[in-house]
Amino acid sequence: MRLGLAGDVMLGRLVDRYVLADPAVDPGWVWGDTLDLWRRVDLRLVNLECVIATGGSPWVPKVFHFRARPRALDALRAAGIHCVSLANNHVLDFGYDALRECLALLRGGSIRYAGAGETLQEAMAPALMVAGGRTVAVVALTDNEPDWEAGPDRPGVFYVAGDDRGLRPPYRERVRRALERARREAGFVIVSGHVGPNWGPPTPAMRALARQLVDLGADLYWGHSNHTVQGIEWYRGRPLLYSTGDFIDDYAVDPEERNDLSCFFEVLTDGARAAQIRLHPVRIATFRATRARGEDVTWLHRWLRARMEECGTRIFFDGDVGVVERPDSN
(Lines give C-alpha, C1' and ligand atoms only; values in the text may rest on other atoms or scores of the structure.)
Protein backbone atom coordinates (compact mmCIF):
# COMPACT_ATOMS: atom_id res chain seq x y z
CA MET A 1 0.00 0.00 0.00
CA ARG A 2 1.24 3.50 -0.87
CA LEU A 3 -0.11 6.46 1.07
CA GLY A 4 0.25 10.06 -0.10
CA LEU A 5 0.27 12.69 2.66
CA ALA A 6 0.66 16.45 2.66
CA GLY A 7 0.32 19.06 5.37
CA ASP A 8 -1.81 22.19 5.20
CA VAL A 9 -3.75 22.88 2.02
CA MET A 10 -5.18 26.39 2.34
CA LEU A 11 -7.48 27.24 -0.57
CA GLY A 12 -8.99 30.41 0.87
CA ARG A 13 -8.11 34.11 0.85
CA LEU A 14 -5.84 34.94 -2.13
CA VAL A 15 -5.96 31.39 -3.52
CA ASP A 16 -9.72 31.70 -3.61
CA ARG A 17 -9.64 35.24 -4.99
CA TYR A 18 -7.16 34.71 -7.81
CA VAL A 19 -7.60 31.03 -8.69
CA LEU A 20 -10.98 29.63 -7.65
CA ALA A 21 -12.87 32.83 -8.47
CA ASP A 22 -11.55 32.85 -12.05
CA PRO A 23 -13.59 30.50 -14.26
CA ALA A 24 -10.78 30.58 -16.83
CA VAL A 25 -8.37 28.91 -14.38
CA ASP A 26 -8.54 25.14 -13.91
CA PRO A 27 -8.86 24.52 -10.13
CA GLY A 28 -6.32 21.72 -10.51
CA TRP A 29 -3.73 24.39 -11.33
CA VAL A 30 -3.00 24.71 -7.59
CA TRP A 31 -1.24 21.31 -7.59
CA GLY A 32 1.21 22.30 -10.32
CA ASP A 33 3.51 19.49 -11.42
CA THR A 34 2.95 17.50 -8.21
CA LEU A 35 -0.13 15.82 -9.68
CA ASP A 36 1.94 12.88 -10.93
CA LEU A 37 3.06 12.26 -7.33
CA TRP A 38 -0.54 12.15 -6.12
CA ARG A 39 -1.58 9.82 -8.92
CA ARG A 40 1.04 7.19 -8.11
CA VAL A 41 -0.31 6.43 -4.61
CA ASP A 42 -3.29 4.39 -3.43
CA LEU A 43 -4.64 6.80 -0.84
CA ARG A 44 -4.39 10.62 -0.78
CA LEU A 45 -4.80 12.69 2.39
CA VAL A 46 -4.40 16.40 3.20
CA ASN A 47 -5.23 18.77 6.03
CA LEU A 48 -7.82 21.23 4.70
CA GLU A 49 -6.72 24.50 6.32
CA CYS A 50 -9.89 26.44 5.50
CA VAL A 51 -13.64 26.07 5.37
CA ILE A 52 -15.38 25.48 2.04
CA ALA A 53 -18.58 27.52 2.09
CA THR A 54 -20.45 30.46 0.63
CA GLY A 55 -21.98 31.73 3.88
CA GLY A 56 -21.11 32.47 7.46
CA SER A 57 -19.55 35.40 9.31
CA PRO A 58 -15.94 35.78 10.48
CA TRP A 59 -15.33 34.36 13.94
CA VAL A 60 -14.51 37.20 16.34
CA PRO A 61 -11.93 38.01 17.72
CA LYS A 62 -9.93 35.69 15.44
CA VAL A 63 -7.44 37.54 13.18
CA PHE A 64 -7.07 35.26 10.16
CA HIS A 65 -10.13 33.86 8.37
CA PHE A 66 -9.80 31.36 5.52
CA ARG A 67 -12.80 30.45 3.38
CA ALA A 68 -12.84 28.90 -0.09
CA ARG A 69 -15.78 28.82 -2.47
CA PRO A 70 -17.30 25.42 -3.41
CA ARG A 71 -15.09 25.28 -6.51
CA ALA A 72 -12.39 24.15 -4.04
CA LEU A 73 -14.00 20.71 -4.27
CA ASP A 74 -12.92 20.59 -7.91
CA ALA A 75 -9.37 21.38 -6.79
CA LEU A 76 -9.41 18.51 -4.30
CA ARG A 77 -10.88 16.14 -6.88
CA ALA A 78 -8.22 17.13 -9.42
CA ALA A 79 -5.60 15.51 -7.16
CA GLY A 80 -7.93 12.64 -6.31
CA ILE A 81 -7.94 13.51 -2.62
CA HIS A 82 -9.78 10.79 -0.73
CA CYS A 83 -9.94 12.32 2.73
CA VAL A 84 -9.33 15.67 4.44
CA SER A 85 -8.55 16.37 8.05
CA LEU A 86 -10.80 19.09 9.47
CA ALA A 87 -9.48 19.13 13.04
CA ASN A 88 -7.65 22.44 12.80
CA ASN A 89 -7.83 26.13 13.68
CA HIS A 90 -9.55 27.37 10.50
CA VAL A 91 -12.50 25.08 9.82
CA LEU A 92 -14.76 27.29 11.99
CA ASP A 93 -13.36 30.61 10.77
CA PHE A 94 -16.84 31.56 9.50
CA GLY A 95 -18.93 29.97 12.21
CA TYR A 96 -21.14 26.94 12.66
CA ASP A 97 -23.31 27.44 9.58
CA ALA A 98 -20.26 27.58 7.31
CA LEU A 99 -18.91 24.40 8.91
CA ARG A 100 -22.24 22.65 8.30
CA GLU A 101 -22.17 23.80 4.68
CA CYS A 102 -18.61 22.51 4.33
CA LEU A 103 -19.52 19.09 5.72
CA ALA A 104 -22.46 18.82 3.32
CA LEU A 105 -20.32 19.84 0.35
CA LEU A 106 -17.66 17.26 1.19
CA ARG A 107 -20.27 14.53 1.57
CA GLY A 108 -21.86 15.56 -1.73
CA GLY A 109 -18.44 15.50 -3.38
CA SER A 110 -17.66 12.01 -2.03
CA ILE A 111 -14.64 13.30 -0.10
CA ARG A 112 -14.35 11.79 3.35
CA TYR A 113 -13.42 13.87 6.35
CA ALA A 114 -12.35 13.38 9.97
CA GLY A 115 -11.94 15.59 13.00
CA ALA A 116 -15.02 17.82 12.80
CA GLY A 117 -18.74 17.33 12.74
CA GLU A 118 -22.23 18.29 13.84
CA THR A 119 -21.54 16.59 17.19
CA LEU A 120 -18.60 15.29 19.20
CA GLN A 121 -19.50 11.76 18.15
CA GLU A 122 -19.15 12.69 14.48
CA ALA A 123 -15.93 14.62 15.09
CA MET A 124 -14.40 11.58 16.84
CA ALA A 125 -15.53 9.10 14.18
CA PRO A 126 -12.86 7.59 11.92
CA ALA A 127 -12.98 8.12 8.17
CA LEU A 128 -12.76 4.69 6.55
CA MET A 129 -11.28 3.91 3.13
CA VAL A 130 -9.91 0.89 1.29
CA ALA A 131 -6.45 1.05 -0.28
CA GLY A 132 -4.15 -1.68 -1.46
CA GLY A 133 -6.66 -4.29 -0.31
CA ARG A 134 -6.59 -2.96 3.27
CA THR A 135 -9.11 -0.87 5.20
CA VAL A 136 -7.54 2.34 6.47
CA ALA A 137 -8.98 4.53 9.24
CA VAL A 138 -8.17 8.20 9.80
CA VAL A 139 -8.86 9.84 13.16
CA ALA A 140 -8.17 13.59 13.36
CA LEU A 141 -7.68 15.77 16.43
CA THR A 142 -6.34 19.20 17.40
CA ASP A 143 -5.23 21.16 20.45
CA ASN A 144 -5.98 24.49 18.73
CA GLU A 145 -9.02 26.69 19.48
CA PRO A 146 -10.52 25.16 22.65
CA ASP A 147 -13.69 27.21 22.10
CA TRP A 148 -14.35 25.10 19.01
CA GLU A 149 -14.56 21.81 20.90
CA ALA A 150 -17.52 19.79 19.66
CA GLY A 151 -20.11 18.69 22.18
CA PRO A 152 -22.92 16.13 22.32
CA ASP A 153 -25.25 18.65 20.65
CA ARG A 154 -22.78 21.26 19.37
CA PRO A 155 -20.80 21.34 16.11
CA GLY A 156 -17.04 21.63 16.31
CA VAL A 157 -13.72 19.81 16.21
CA PHE A 158 -12.24 16.83 18.02
CA TYR A 159 -10.33 18.93 20.52
CA VAL A 160 -7.76 17.48 22.94
CA ALA A 161 -5.53 18.92 25.66
CA GLY A 162 -2.37 17.58 27.21
CA ASP A 163 1.05 18.34 28.63
CA ASP A 164 4.52 16.79 28.74
CA ARG A 165 3.00 13.59 30.15
CA GLY A 166 0.45 13.19 27.36
CA LEU A 167 -3.29 13.65 27.13
CA ARG A 168 -5.23 14.89 30.14
CA PRO A 169 -8.56 13.40 31.24
CA PRO A 170 -11.17 13.26 29.80
CA TYR A 171 -9.34 13.58 26.49
CA ARG A 172 -7.26 10.45 26.94
CA GLU A 173 -10.42 8.40 27.38
CA ARG A 174 -12.04 9.97 24.32
CA VAL A 175 -9.00 9.26 22.16
CA ARG A 176 -8.77 5.71 23.50
CA ARG A 177 -12.40 5.10 22.51
CA ALA A 178 -11.89 6.65 19.08
CA LEU A 179 -8.82 4.52 18.37
CA GLU A 180 -10.43 1.36 19.68
CA ARG A 181 -13.28 1.89 17.24
CA ALA A 182 -10.84 2.61 14.40
CA ARG A 183 -8.85 -0.51 15.28
CA ARG A 184 -11.97 -2.68 15.14
CA GLU A 185 -12.93 -1.36 11.72
CA ALA A 186 -9.55 -1.06 9.97
CA GLY A 187 -6.23 -2.82 9.55
CA PHE A 188 -4.19 0.39 9.42
CA VAL A 189 -4.92 3.41 11.63
CA ILE A 190 -3.67 6.94 10.94
CA VAL A 191 -3.99 9.77 13.44
CA SER A 192 -3.95 13.31 12.05
CA GLY A 193 -2.76 15.83 14.64
CA HIS A 194 -3.01 19.59 14.14
CA VAL A 195 -1.12 20.38 17.31
CA GLY A 196 1.59 22.56 18.78
CA PRO A 197 3.06 25.92 17.75
CA ASN A 198 3.35 27.28 14.21
CA TRP A 199 7.16 27.34 14.27
CA GLY A 200 10.06 25.47 15.80
CA PRO A 201 10.83 21.84 16.65
CA PRO A 202 8.30 19.49 18.25
CA THR A 203 7.74 20.33 21.90
CA PRO A 204 7.91 17.75 24.71
CA ALA A 205 4.11 17.80 24.83
CA MET A 206 3.90 17.04 21.10
CA ARG A 207 6.33 14.14 21.47
CA ALA A 208 4.41 12.75 24.43
CA LEU A 209 1.12 12.98 22.53
CA ALA A 210 2.44 11.27 19.39
CA ARG A 211 3.95 8.40 21.35
CA GLN A 212 0.81 7.99 23.43
CA LEU A 213 -1.28 7.78 20.26
CA VAL A 214 0.83 4.83 19.11
CA ASP A 215 0.42 3.22 22.54
CA LEU A 216 -3.34 3.63 22.10
CA GLY A 217 -3.40 1.97 18.67
CA ALA A 218 -2.16 4.30 15.92
CA ASP A 219 0.01 2.86 13.14
CA LEU A 220 1.12 6.27 11.86
CA TYR A 221 1.06 9.76 13.34
CA TRP A 222 0.59 12.48 10.70
CA GLY A 223 1.29 15.90 12.18
CA HIS A 224 0.76 19.42 10.85
CA SER A 225 0.06 22.96 12.14
CA ASN A 226 3.76 23.87 12.11
CA HIS A 227 4.45 25.72 8.85
CA THR A 228 7.64 23.73 8.19
CA VAL A 229 8.57 20.08 7.79
CA GLN A 230 9.99 18.64 11.01
CA GLY A 231 11.70 15.37 11.88
CA ILE A 232 10.38 11.82 11.77
CA GLU A 233 10.79 9.54 14.77
CA TRP A 234 10.23 5.78 14.85
CA TYR A 235 8.47 4.66 18.01
CA ARG A 236 7.63 1.00 18.55
CA GLY A 237 8.17 0.53 14.83
CA ARG A 238 5.62 3.21 13.92
CA PRO A 239 6.54 6.55 12.30
CA LEU A 240 5.80 9.84 13.99
CA LEU A 241 5.68 12.56 11.31
CA TYR A 242 5.82 15.52 13.67
CA SER A 243 5.02 18.08 10.97
CA THR A 244 4.36 17.70 7.27
CA GLY A 245 4.45 21.50 6.81
CA ASP A 246 2.46 23.57 4.32
CA PHE A 247 1.57 22.44 0.79
CA ILE A 248 -0.66 25.13 -0.80
CA ASP A 249 -1.21 28.63 0.60
CA ASP A 250 -0.73 32.37 0.11
CA TYR A 251 1.48 32.97 3.15
CA ALA A 252 4.44 35.29 3.50
CA VAL A 253 7.76 33.42 3.52
CA ASP A 254 10.05 33.41 6.52
CA PRO A 255 13.62 33.65 5.15
CA GLU A 256 15.05 31.52 7.98
CA GLU A 257 12.40 28.80 8.25
CA ARG A 258 11.56 28.75 4.49
CA ASN A 259 7.92 27.77 4.93
CA ASP A 260 7.62 27.84 1.13
CA LEU A 261 9.57 24.57 1.02
CA SER A 262 7.84 21.35 1.95
CA CYS A 263 7.46 17.73 0.89
CA PHE A 264 5.03 15.26 -0.55
CA PHE A 265 5.20 12.30 1.84
CA GLU A 266 4.93 8.90 0.16
CA VAL A 267 4.50 6.18 2.80
CA LEU A 268 5.11 2.58 1.70
CA THR A 269 3.82 -0.22 3.90
CA ASP A 270 4.65 -3.90 4.27
CA GLY A 271 1.67 -5.61 5.78
CA ALA A 272 0.24 -3.58 8.66
CA ARG A 273 3.26 -1.30 9.24
CA ALA A 274 4.96 1.56 7.45
CA ALA A 275 8.31 0.41 6.05
CA GLN A 276 9.65 3.43 4.15
CA ILE A 277 8.81 7.11 3.76
CA ARG A 278 9.90 9.01 0.66
CA LEU A 279 10.02 12.80 0.93
CA HIS A 280 9.62 14.51 -2.45
CA PRO A 281 10.76 18.19 -2.30
CA VAL A 282 8.02 20.72 -3.04
CA ARG A 283 7.97 24.51 -3.27
CA ILE A 284 4.93 26.77 -2.87
CA ALA A 285 4.96 29.63 -5.38
CA THR A 286 2.15 31.95 -6.51
CA PHE A 287 -0.59 29.95 -4.80
CA ARG A 288 0.43 26.54 -6.13
CA ALA A 289 2.60 23.56 -5.30
CA THR A 290 5.53 22.82 -7.62
CA ARG A 291 8.40 20.32 -7.59
CA ALA A 292 11.39 21.99 -5.92
CA ARG A 293 14.60 22.22 -7.92
CA GLY A 294 18.19 23.42 -7.74
CA GLU A 295 19.16 25.49 -4.70
CA ASP A 296 15.76 24.92 -3.10
CA VAL A 297 16.43 21.17 -3.03
CA THR A 298 19.92 21.74 -1.61
CA TRP A 299 18.50 23.94 1.16
CA LEU A 300 15.73 21.46 1.94
CA HIS A 301 18.18 18.54 2.12
CA ARG A 302 20.24 20.39 4.72
CA TRP A 303 17.09 21.19 6.67
CA LEU A 304 15.83 17.60 6.57
CA ARG A 305 19.17 16.18 7.72
CA ALA A 306 19.17 18.49 10.73
CA ARG A 307 15.55 17.78 11.63
CA MET A 308 16.03 14.00 11.37
CA GLU A 309 19.16 14.15 13.54
CA GLU A 310 17.06 15.82 16.25
CA CYS A 311 14.84 12.72 16.22
CA GLY A 312 17.69 10.21 16.03
CA THR A 313 16.58 9.19 12.54
CA ARG A 314 18.75 8.48 9.51
CA ILE A 315 17.81 9.94 6.13
CA PHE A 316 19.51 9.29 2.80
CA PHE A 317 18.80 10.76 -0.60
CA ASP A 318 17.82 9.00 -3.79
CA GLY A 319 18.46 11.88 -6.16
CA ASP A 320 16.27 14.72 -4.92
CA VAL A 321 14.06 12.42 -2.84
CA GLY A 322 14.73 11.91 0.86
CA VAL A 323 14.28 8.35 2.12
CA VAL A 324 13.60 7.29 5.71
CA GLU A 325 13.34 3.57 6.46
CA ARG A 326 12.02 1.71 9.46
CA PRO A 327 14.96 0.63 11.63
CA ASP A 328 15.54 -3.12 11.59
CA SER A 329 15.67 -3.14 15.36
CA ASN A 330 12.00 -2.20 15.46
Side-chain angles (χ1 to χ4, degrees), residues 1 3 5 42-48 81-88 91-92 99-100 102-104 106-107 110-146 148-162 166-195 206 208-224 235-241 267 269 271-274:
M1 179 171 63
L3 309 174
L5 304 174
D42 301 309
L43 192 63
R44 297 172 279 276
L45 313 172
V46 302
N47 176 61
L48 183 62
I81 302 300
H82 293 100
C83 178
V84 296
S85 171
L86 297 180
N88 58 55
V91 75
L92 269 163
L99 171 61
R100 291 188 180 100
C102 182
L103 299 177
L106 290 168
R107 288 192 296 266
S110 298
I111 297 173
R112 292 174 174 82
Y113 58 84
E118 298 268 5
T119 63
L120 175 60
Q121 183 178 10
E122 183 182 355
M124 291 173 56
L128 300 173
M129 293 145 284
V130 176
R134 183 178 296 276
T135 300
V136 177
V138 177
V139 174
L141 49 82
T142 181
D143 67 355
N144 292 190
E145 302 293 342
W148 292 2
E149 181 176 0
D153 301 304
R154 183 180 66 247
V157 299
F158 187 6
Y159 172 81
V160 299
L167 292 163
R168 297 199 299 263
Y171 301 108
R172 187 184 189 281
E173 177 61 21
R174 290 178 185 174
V175 171
R176 184 189 64 78
R177 293 202 313 269
L179 292 184
E180 283 183 350
R181 174 181 172 183
R183 190 88 266 168
R184 289 194 302 269
E185 299 183 11
F188 193 89
V189 177
I190 300 171
V191 176
S192 163
H194 200 75
V195 300
M206 292 170 64
L209 170 64
R211 292 169 182 172
Q212 188 175 54
L213 291 169
V214 170
D215 291 337
L216 292 173
D219 294 304
L220 184 151
Y221 174 72
W222 162 38
H224 30 83
Y235 174 72
R236 295 180 56 190
R238 271 70 178 178
L240 311 178
L241 282 61
V267 181
T269 69
R273 292 202 297 171

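If you're wondering where the values come from, they're calculated on a predicted model, not measured in any experiment. FYI, the numbering just counts along the sequence from 1.
Ion pairing between D215 and R176 fails under the 4.0 Å rule for side-chain N and carboxylate O. Here R174 pairs with E149 in a salt bridge; the nearest charged N to carboxylate O distance falls below 4.0 Å.
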side-chain contact (heavy atoms from CB on, under 4.5 Å) between V267 and L5, worked out:
CA-CA 8 Å; V267 181; L5 304 174; 4.0 Å; yes
Take V138 and M129 through the side-chain contact (heavy atoms from CB on, under 4.5 Å) test and state the conclusion after the steps.
CA-CA 9 Å; V138 177; M129 293 145 284; 3.7 Å; yes
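Within the 4.5 Å cutoff, side-chain heavy atoms of F188 are placed close to those of M1. With a 4.5 Å cut-off on side-chain heavy atoms, L216 and V175 count as touching. Within the 4.5 Å cutoff, no side-chain heavy atoms of H82 are placed close to those of R112. The side-chain heavy atoms of V91 and L48, taken from C-beta on, include no pair separated by under 4.5 Å. A heavy-atom distance below 4.5 Å is found between the side chains of L240 and V214. With contacts defined as side-chain heavy-atom distances shorter than 4.5 Å, the pair L86/L103 qualifies. Looking only at side-chain heavy atoms (C-beta outward), N88 and V157 stay at 4.5 Å or farther from each other. Looking only at side-chain heavy atoms (C-beta outward), M124 and V139 stay at 4.5 Å or farther from each other.
Rounding to the nearest 0.5 Å places OG1 of T269 at 10.5 Å from CG of L43. The distance from the CG atom of L92 to the CD atom of E145 is 9.0 Å, given to the nearest 0.5 Å. Here the straight-line distance linking atom CD1 of I190 with atom OG of S85 works out to 11.0 Å at 0.5 Å rounding. Taking CG from L209 and CZ from R172, the interatomic distance works out to 11.5 Å, rounded to the nearest 0.5 Å.
Separation of the Y221 and Y235 ring centroids does not fall under the 6.0 Å cut-off.
H224 and S192 form a side-chain donor-acceptor contact under 3.5 Å, judged by distance and modelled atom types alone.
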